[in-house]
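Naming: A, B, ... by sequence-line order, numbering from 1 per chain. These figures come from a predicted structure and were not determined experimentally.
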Amino acid sequence: MGKSRKILHMDMDYFFAQIEERENPQFKGNPLVVGADPKKGKGRGVVSTCNYEARKYGIKSGMPISRSYKLAPEAIFLPVNMSLYKKVSDSVFRVASKISPEMEKVSLDEAYIDITKKVKNYREAEGVGKKLKREILKKEKLTCSIGVSKNKMMAKIACELAKPDGIKVVPPGQVTGVIDGMDLETVPGIGPKTKKLLKEVLKKENPKIKDALSLSKEELMDLLGKRGGEFYHKFRGIDDSSVVEKRKAKSIGKEHTFQKDTRDSKEIIKVFKSLVGDVYRQAKDKRVKGITVVCRYEDFETHTKQISFETRMRSKELFYKKSVPLLLKFLMQSNKKLRLIGFRVMIK
DNA sequence: AAGTTCTTATTAC
DNA sequence: CTAACGGTAATAAGAACTT
């Protein structure tokens with residue numbers, strides 16, 4: 001007893017949209033979409049977050065904004081106000097880190113907290129989770145959901161089950177029962193492509209986690225490489241990854257999608273230089289290992305060109321000199337118009 | 001043959 | 001009718017190139 005870890009996963013409910021509702025209470029009860037400008041259904045971006053009323057229309061995060069507009073033209077569409085969300089996020093994490101400093105931020109609205117040293121059992125862990133929910137609500141007037149279990153994967157799955165505005169504790173003895181009947185994509189790291197491969201190997205239309213238990217570790221590794229070995233354990237509710245407090249960035253980059261696909265090299269270079277300038281601001285004085293230039297053509301085909309070299313990011317000029325020729329190669333290699341360009345520096 | 005660099009694919013939020 | 005699809009970052013795998 002007391003051998004297992006106690007990991008808590010906190011996820012803010014429909015974060016960006018909930019903040020907008022808080023700022024504009026008249027929006028509550030109406031479908032609300034935060035994301036790109038829909039421009040009468042012609043916008044190019046995607047939905048960042050939407051509230052539950054919007055979800056009733058089939059709108060979801062990551063969906064093209066044009067499609068969400070067709071589903072609910074009467075919805076309220078708001079632009080992303082990132083500096084506000086960042087401020088709220090910092091405040092929420094300040095509250096959360098009082099629970100335990102062993103906290104890993106996953107994004108602006110999600111974190112894992114290792115509370116193994118703070119509680120004796122899962123009953124106490126549930127109390128800690130409820131307290132955190134209360135404190136976030138008091139401080140920021142926002143709700144979140146919380147999952148608690150013996151590892152990060154199970155805490156995240158529990159949190160998913162708790163949404164919205166709930167808490168779910170999955171003690172070790174219940175882990176298998178909880179995940180057995182779930183979809184393969186419930187396992188973090190399994191997306192549409194991996195699911196398809198597993199579906200083929202299992203010869204089943206709608207395989208569940210319990211079906212995947214028939215695959216040996218070797219079979220999974222042959223099919224999916226290193227990740228396959230991890231999935232073998234994850235299917236069994238095992239995840240030994242630790243809660244990591246500070247992950248330092250390994251790269252910093254910026255991308256831009258044009259309003260309209262273009263081959264106008266004047267415009268392309270102008271935008272590109274501003275991307276490099278933005279990256280320079282963020283990566284100033286960092287030790288750089290190399291750069292990557294990205295280009296997406298009008299047909300969505302995406303390519304990268306990369307150069308390795310070590311330097312300290314002191315001026316923009318060297319980076320222009322190294323990267324602009326790579327960008328121009330994309331224009332020379334093909335007659336297609338460009339949809340997106342990007343610049344990234346690898347650091348360390 | 002080994003080590004490094006470059007490119008693509010996949011995933012997540 | 002089909003396609004529609006941002007921005008940022010990590011990680012893995014394999015190809016291509018160097019030493």
### Task
Please work out if A:K305 contacts a base, only the sugar-phosphate, or nothing of the nucleic acid, heavy-atom cut-off 4.0 Å.
sugar-phosphate
#### Entry: A:K40 to A:Y69 six-membered ring, cation-pi geometry met (6.0 Å, 45°)
no
#### Entry: A:V34 side chain reached by A:Y14 side chain, heavy atoms, under 4.5 Å
no
### Query
Within 45 degrees of the axis of the six-membered ring of A:Y232 and under 6.0 Å from its centre: does A:R236 put its NZ or CZ there?
yes
### Query
Just checking, any donor-acceptor pair under 3.5 angstrom between side chains of A:R344 and A:T292?
no
### Task
Mind running a 4.0 Å heavy-atom check of residues 242-281 of chain A against DNA chain B and sending the residues that fall below it, in number order?
none
### Summary
Expected string for nucleotides 14-19 of chain C under the B/S/- scheme (protein heavy atoms, under 4.0 Å, primed atoms plus P, OP1, OP2 as sugar-phosphate) is ------
### Task
Can you figure out which of B:dT10, C:dA4, C:dA9 approaches the side chain of A:R67 most closely?
C:dA4
### Summary
Result for salt bridge (Lys or Arg N to Asp or Glu O under 4.0 Å) between A:E110 and one of A:K156, A:K163, A:K152, A:K105 points to A:K156
### Message
Looking only at the side chains, is there a donor atom on one of A:Y57 and A:E74 sitting less than 3.5 Å from an acceptor on the other?
### Response
yes
### Message
Would you say the rings of A:H233 and A:F231 are close, in the sense that their centroids are separated by under 6.0 Å?
### Response
no
### Message
I'd like the C1' distance from C:dC5 over to B:dC13, given in whole Å.
### Response
15 Å
### Query
Among residues 92-114 of chain A, which residues get a heavy atom nearer than 4.0 Å to DNA chain B?
A:S107, A:D109, A:E110
### Message
The side chain of A:K226 is closest to which nucleotide in this list: C:dA9, B:dC6, C:dA13?
### Response
C:dA13
### Task
Name the nucleic acid region contacted by A:S61, choosing base, sugar-phosphate or nothing; use a 4.0 angstrom heavy-atom cut-off, strictly under.
nothing
### Message
Can you confirm if the NZ or CZ of A:K289 lies within 45° of the ring axis of A:F309 and under 6.0 Å from the centre of its six-membered ring?
### Response
no
### Query
For A:K289, which contact category applies under a 4.0 Å heavy-atom criterion: base, sugar-phosphate, or nothing?
nothing
#### Entry: Over-ring placement of A:K305 relative to A:F330, 6.0 Å and 45° cut-offs
yes
